Protein chains: 2
Amino acid sequence: MTHKAAFTAVKTVKAYERVVEQIETAISKRDLRPGDRLPSERELMLTFEVSRSTIREALRVLESTGLVRSRPGDPRGPEVLQASPAILTKTVNRLVRLETIALSELVEFRIMLEGAACTLAAQHRTEEQLEAMRAAVDAMQAEIAHGPVAFSRADVAFHSSVWAASHNQLMQICGEATRGALIDMVTDGLDRAPDSAARMELSLAHDGEILAAISAGDGPTAGRLARSFLIEYYGDVISP
Amino acid sequence: MTHKAAFTAVKTVKAYERVVEQIETAISKRDLRPGDRLPSERELMLTFEVSRSTIREALRVLESTGLVRSRPGDPRGPEVLQASPAILTKTVNRLVRLETIALSELVEFRIMLEGAACTLAAQHRTEEQLEAMRAAVDAMQAEIAHGPVAFSRADVAFHSSVWAASHNQLMQICGEATRGALIDMVTDGLDRAPDSAARMELSLAHDGEILAAISAGDGPTAGRLARSFLIEYYGDVISP
DNA sequence: CAGAGTGTACTGGTCTGACCATGTATTTCA
DNA sequence: TGAAATACATGGTCAGACCAGTACACTCTG
């Protein structure tokens, strides 16, 4: 009779991957903390019993994920970095650009995101952030006289302050990524608007309403307003 | 008199980074498309005029970003991959685990996303997709008897069908990424729920309500329902 | 004794050249 | 015509070497 053994799938794991894995778990277990130094490549190749090429490939992928940084000549060895959402931004950006996405989808996504941000901002905003948003709206008012370009810069600043007030980094990252992608796609038609004066006044009024809802802590209203204003604003794009 | 030249900062760029950059832009410019093959490492080292180590390091970081995949022995060379949210999931996961991003943020983001998806699904769903959603709910009903694990699988399937019905790839990508991350984070506490039967019934009822709103084409209601149900479901996580 | 300059040892970045196991594509054979 | 054996280029890994750069200890000077 044969033994009933619980066999498990065997997949060959490349050497450098196991090195990456070990260092990665050491970091996520807090055995290695930001600011700590890894042993030098030559020491690592002894402890892991692999060649230096393997160690280097492992370090390259750790570096590309933002976990460590190597600097030539530093006798203290590679540095363990503080994890940062910046790497996420890069990934999201690439995904947004790489994927063949219709402009209407991108706009739609942005509208939903912006609405959500306003909702969250209404719930989470601090007094300082409220003040910043008010200042941003005042700046918009002032910039109307300087033309649509200056105005739209101020408009962006207002929305940024809303993102910040949402207290949600994921939201901010996605917002930034979609804004960047949108700019890339429609950059040419920015100031062609013939009725720019009226449009600016309208935008200002809309943002003022949103701010009022956020200020009142009324998340659903803030979100609904933002969405409907944006749908109006982008109407021609979203349903051509 | 000296020339007034516009000097610019000089930072040494590592060789493998320039290789990465070139291949990356080739991919983002669609010169290289998913399924295409890169030249072999030995050919690449000739065209880039660097050693094979450098080429390999470049390939490792491209691989860790999910852009290409190398398989030993394949004479056709490294493959250019389809962009996938999987890498996003991994990154989000790591950031949450390292507490750079709070779990509550992730949950919050997911709730807003899910609400938006329901709203869009109500507006864009086709007849077939509606049918698929109904089938998914029926499947949930049937799976209740088979325990919480099977049920939650069916639940996921229902939500997937909603994402699909939203007709928005970005939404789907972000949804998948956050779902993956959340599953990894809270997977252990899945079937510890003592009141699992009641919970399943409740989920089923909720999803039924959402489906009804989607079916009726009532986007705002669908979104509102989804958000409030999820807030209830994740209540303990989001405000501890 | 303090500070500026010099050394030096070790670091990471890159290169060369080699070996192995593997997957594909061709060739061979029935 | 189909299956089996082979050839060959591939990626994974290794060993050893050289160079430019950095940190740190060590001078030398005032």
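The shown structure was predicted, so the numbers you read here are calculated from the model rather than taken from an experiment. Sequence lines set the chain letters: A, B, ... in the order given, protein chains first and strands last, and positions in each chain run from 1.
- Judged by distance alone, the side chain of A:Arg37 and the main-chain N or O of A:Gly77 form a donor-acceptor pair under 3.5 Å.
- For the pair A:Arg60 CZ and D:dT13 C1', the interatomic distance rounds to 17 Å; values are reported in whole Å.
- Results of the side chain to side chain contact (heavy atoms under 4.5 Å, CB included) test with B:Leu182 over B:Val107, B:Thr89, B:Asn93 single out B:Val107 as the only residue that passes.
- Running 5' to 3' along DNA chain C, contacts with non-hydrogen atoms of chain A at under 4.0 Å begin and end at C:dT11 to C:dT14.
- Residue B:Arg69 has no polar side-chain atom (N or O) positioned under 4.0 Å from OP1 or OP2 of D:dG11.
- Backbone-only engagement by B:Glu43 is indicated by non-hydrogen atom pairs under 4.0 Å involving sugar-phosphate atoms exclusively.
- In this structure, the OH atom of A:Tyr16 is 17 Å from the C1' atom of D:dC14, given to the nearest Å.
- Going from atom CG of B:Asp74 over to atom P of D:dC8 covers 18 Å, rounded to whole Å.
- The side chain of A:Arg71 has D:dA23 as its nearest neighbour among D:dG11, D:dA23, D:dT13.
- When the side-chain nitrogen and oxygen atoms of A:Arg52 are compared with OP1 and OP2 of D:dA17, none of them lie within a distance under 4.0 Å.
- To the nearest angstrom, C1' of D:dC18 lies 10 Å from CZ of A:Arg42.
- Salt-bridge formation is detected for the pair B:Asp74/B:Arg76: a Lys NZ or Arg NE/NH1/NH2 atom is positioned less than 4.0 Å from an Asp or Glu carboxylate oxygen.
- B:Ser53 comes within 4.0 angstrom of a nucleotide base, judged by non-hydrogen atoms across all strands.
- Remark: B:Arg18 is not positioned above the aromatic ring of B:Phe48, lacking an NZ or CZ atom under 6.0 angstrom from the ring centre and at most 45 degrees off the axis.
- Residue order along DNA chain D, read from the 5' end via each residue's closest nucleotide, puts A:Glu57 first among A:Arg76 and A:Glu57.
- Side-chain nitrogen and oxygen atoms of B:Arg56 include at least one within less than 4.0 Å of the OP1 or OP2 phosphate oxygen of D:dG12.
- One can place NZ of A:Lys14 at 8 Å from P of D:dT13, the figure rounded to the nearest angstrom.
- At whole-Å resolution of the value, CD1 in B:Ile55 and C1' in D:dG12 are 16 Å apart.
- Within 6.0 Å of NZ in A:Lys14 there are more than 12 heavy atoms belonging to other residues, nucleotides or ligands.
- The side chain to side chain contact (heavy atoms under 4.5 Å, CB included) check on B:Ala132 picks up nothing, with sequence neighbours excluded.
- Each of A:Ser51 and A:Gly73 has a nearest nucleotide on DNA chain D; the 5'-most of these lies closest to A:Ser51.
- Remark: the backbone N or O of B:Ile173 is not paired with any side-chain donor or acceptor of B:Glu176 at under 3.5 angstrom.
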